[in-house]
Chemist: 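Take a look at the following structure, please.
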Amino acid sequence: MPRPARLGRRFFARPTLEVARGLLGATLVHQVGPGDRRVGRIVEVEAYVGPSDRASHARFGPAGRARVMFGPPGHAYVYFIYGMYYCMNAVTEREGHAAAVLLRAIEPVKNVEGRTQGPGLLCRAMNIDKHLNGHDLESDDFHIAAPRQEVPQVIVKRPRVGVDYARRWAKRHLRFYIQGNPFVSRP
DNA sequence: TGCACGATGAAC
DNA sequence: TTCATCGTGCAC
């Protein structure tokens with residue numbers, strides 16, 4: 001059986017909506033320590049398309065919290081939120097175009113315990129925190145791999161969660177998930 | 001220097 | 001609907 005192809009710079013250096021849809025069904029891998037390689041299948045994501053996206057942290061500019069989003073694609077943007085949770089994004093588009101895809105839910109595949117429905121729980125279960133902010137996703141210990149084979153899946157488009165303050169940007173269907181998957185946070 | 005608030009999740 | 005809990009952004 002062929003080894004799943006690790007997604008590299010070229011995959012992420014594309015339009016964010018394409019990357020978002022392409023990440024559904026892919027597997028997130030984090031080698032937490034010796035003998036603890038955690039793997040989860042991505043089933044729900046959100047796209048944050050640029051600094052003009054009023055829901056994106058990129059709106060605060062390259063000197064702000066989301067400076068990693070202004071850097072090269074294929075890196076992790078991990079931030080701390082509500083005083084207790086971390087959320088993980090994969091940076092997209094070309095360097096200088098601040099965009100990313102938020103990973104909202106995974107289906108446990110290997111060594112993943114606890115709930116994984118929602119960006120905060122996902123990071124907790126995968127042991128992802130601020131020490132991984134800015135980490136290169138083209139690495140052995142932390143990366144995303146393409147599905148082994150094309151699995152038929154219907155992709156649902158919905159408004160993003162928790163961004164009502166963003167006016168018209170809150171209405172756009174920039175959340176994507178695999179229809180019928182039981183691990184989606186908010187079907 | 002202070003303060004309001006959030007790309008959340010759980011309890012009530 | 002409220003609350004836990006704290007870093008960030010911005011007003012002062």
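Just so we're on the same page: letters track the sequence lines, and every chain starts at 1. In this text the structure is predicted, and so the values were computed from the model without any measurement.
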Chemist: Pull out every stem in DNA chain C, meaning runs of 3 or more consecutive Watson-Crick or G-U wobble pairs with both distances under 3.5 Å.
Modeler: B:1-6 with C:6-11, B:8-11 with C:1-4
Chemist: Write down the distance between OH (A/Y79) and P (C/dG7), rounded to a whole number of angstrom.
Modeler: 16 Å
Chemist: Look up atom CZ in A/R9 and atom CD in A/E95, then write down how far apart they are to the nearest 0.5 Å.
Modeler: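 One gets 9.5 Å once the value is rounded to the nearest 0.5 Å.
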Chemist: Under 6.0 Å from the six-membered ring centre of A/Y165 and within 45° of its axis: does the NZ or CZ of A/R167 meet both?
Modeler: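 Geometry flag: not set, cation outside 6.0 Å or 45°.
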Chemist: Does a side-chain N or O of A/R104 approach OP1 or OP2 of B/dT8 to a distance below 4.0 Å, or not?
Modeler: yes
Chemist: In whole angstroms, how far is the P atom of B/dT8 from the CZ atom of A/R175?
Modeler: 10 Å
Chemist: From the set B/dA7, C/dC6, C/dA4, return the single nucleotide nearest to any side-chain atom of A/F80.
Modeler: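 Among the listed nucleotides, the one closest to the side chain of A/F80 is C/dC6.
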Chemist: Could you check how far CD of A/E46 sits from C1' of B/dT8, rounded to whole Å?
Modeler: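 Answer to the nearest Å: 12 Å.
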Chemist: Side chains of A/S185 and A/R104: any donor to acceptor distance under 3.5 Å?
Modeler: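 A donor-acceptor contact under 3.5 Å links the two side chains.
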Chemist: Calculate the interatomic distance between A/M84 atom CE and B/dG6 atom P; express it in whole Å.
Modeler: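 For the pair A/M84 CE and B/dG6 P, the rounded distance is 15 Å.
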Chemist: What heavy-atom pair brings A/A55 and A/Y48 nearest, and what distance separates the two atoms?
Modeler: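 What the structure gives for the nearest pair is O-CE2, 3.6 Å.
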Chemist: Does a side-chain N-to-carboxylate-O contact under 4.0 Å join A/D53 and A/R160?
Modeler: yes
Chemist: Please report the C-alpha distance between A/E44 and A/R175 in whole Å, then the side-chain angles of each, then the deciding distance to 0.1 Å, and finally whether the salt bridge (Lys or Arg N to Asp or Glu O under 4.0 Å) criterion is met.
Modeler: CA-CA 7 Å; A/E44 180 184 358; A/R175 181 165 70 107; 2.7 Å; yes
Chemist: Once you round to the nearest 0.5 Å, how far does CZ of A/R158 lie from CG of A/L174?
Modeler: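 A/R158 atom CZ to A/L174 atom CG measures 13.0 Å (nearest 0.5 Å).
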Chemist: Has A/H97 got a side-chain atom pairing as donor or acceptor with A/E93's backbone, closer than 3.5 angstrom?
Modeler: no
Chemist: Tell me the interatomic distance from A/R59, atom CZ, to B/dA7, atom C1', rounded to whole angstroms.
Modeler: 9 Å
Chemist: When the distance from OH of A/Y85 to C1' of C/dC3 is rounded to whole Å, what number comes out?
Modeler: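 Rounding to the nearest Å, OH of A/Y85 and C1' of C/dC3 are 11 Å apart.
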Chemist: Rounded to the nearest angstrom, tell me the gap between atom CG in A/N89 and atom P in B/dT8.
Modeler: 11 Å
Chemist: Which value, in whole Å, describes the distance between the P atoms of nucleotides C/dT5 and B/dG2?
Modeler: 22 Å
Chemist: Determine whether A/D140 and A/Q31 satisfy the following criterion, side-chain hydrogen bond (donor to acceptor under 3.5 Å, both in side chains), listing intermediate values before the conclusion.
Modeler: CA-CA 8 Å; A/D140 293 333; A/Q31 186 84 34; over 6 Å; no
Chemist: Could you check whether A/M69 gets within reach of a base, just the sugar-phosphate, or nothing at all, counting any heavy atom under 4.0 Å?
Modeler: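 Contact class for A/M69: base.
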Chemist: Once you round it to whole Å, what is the distance between P of B/dA7 and CD of A/Q117?
Modeler: 21 Å
Chemist: Return the SG to CG distance between A/C87 and A/D129, rounded to the nearest 0.5 Å.
Modeler: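 Result: 12.5 Å between the selected atoms.
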Chemist: With a cut-off of less than 4.0 Å, is there a side-chain N or O of A/Y77 near OP1 or OP2 of B/dA7?
Modeler: no
Chemist: Taking for each residue the nucleotide of DNA chain B bearing the nearest heavy atom, is the 5' side occupied by A/V161 or by A/R124?
Modeler: A/V161
Chemist: With 3.5 Å as the limit, what N/O pairs link the protein to nucleotides 8-12 of chain C?
Modeler:
unit_1 : atom_1 : unit_2 : atom_2 : d
C/dG9  : OP1    : A/R65  : N      : 2.9

Chemist: Over all strands shown, is A/G120 touching base, sugar-phosphate only, or nothing at heavy-atom distances under 4.0 angstrom?
Modeler: sugar-phosphate
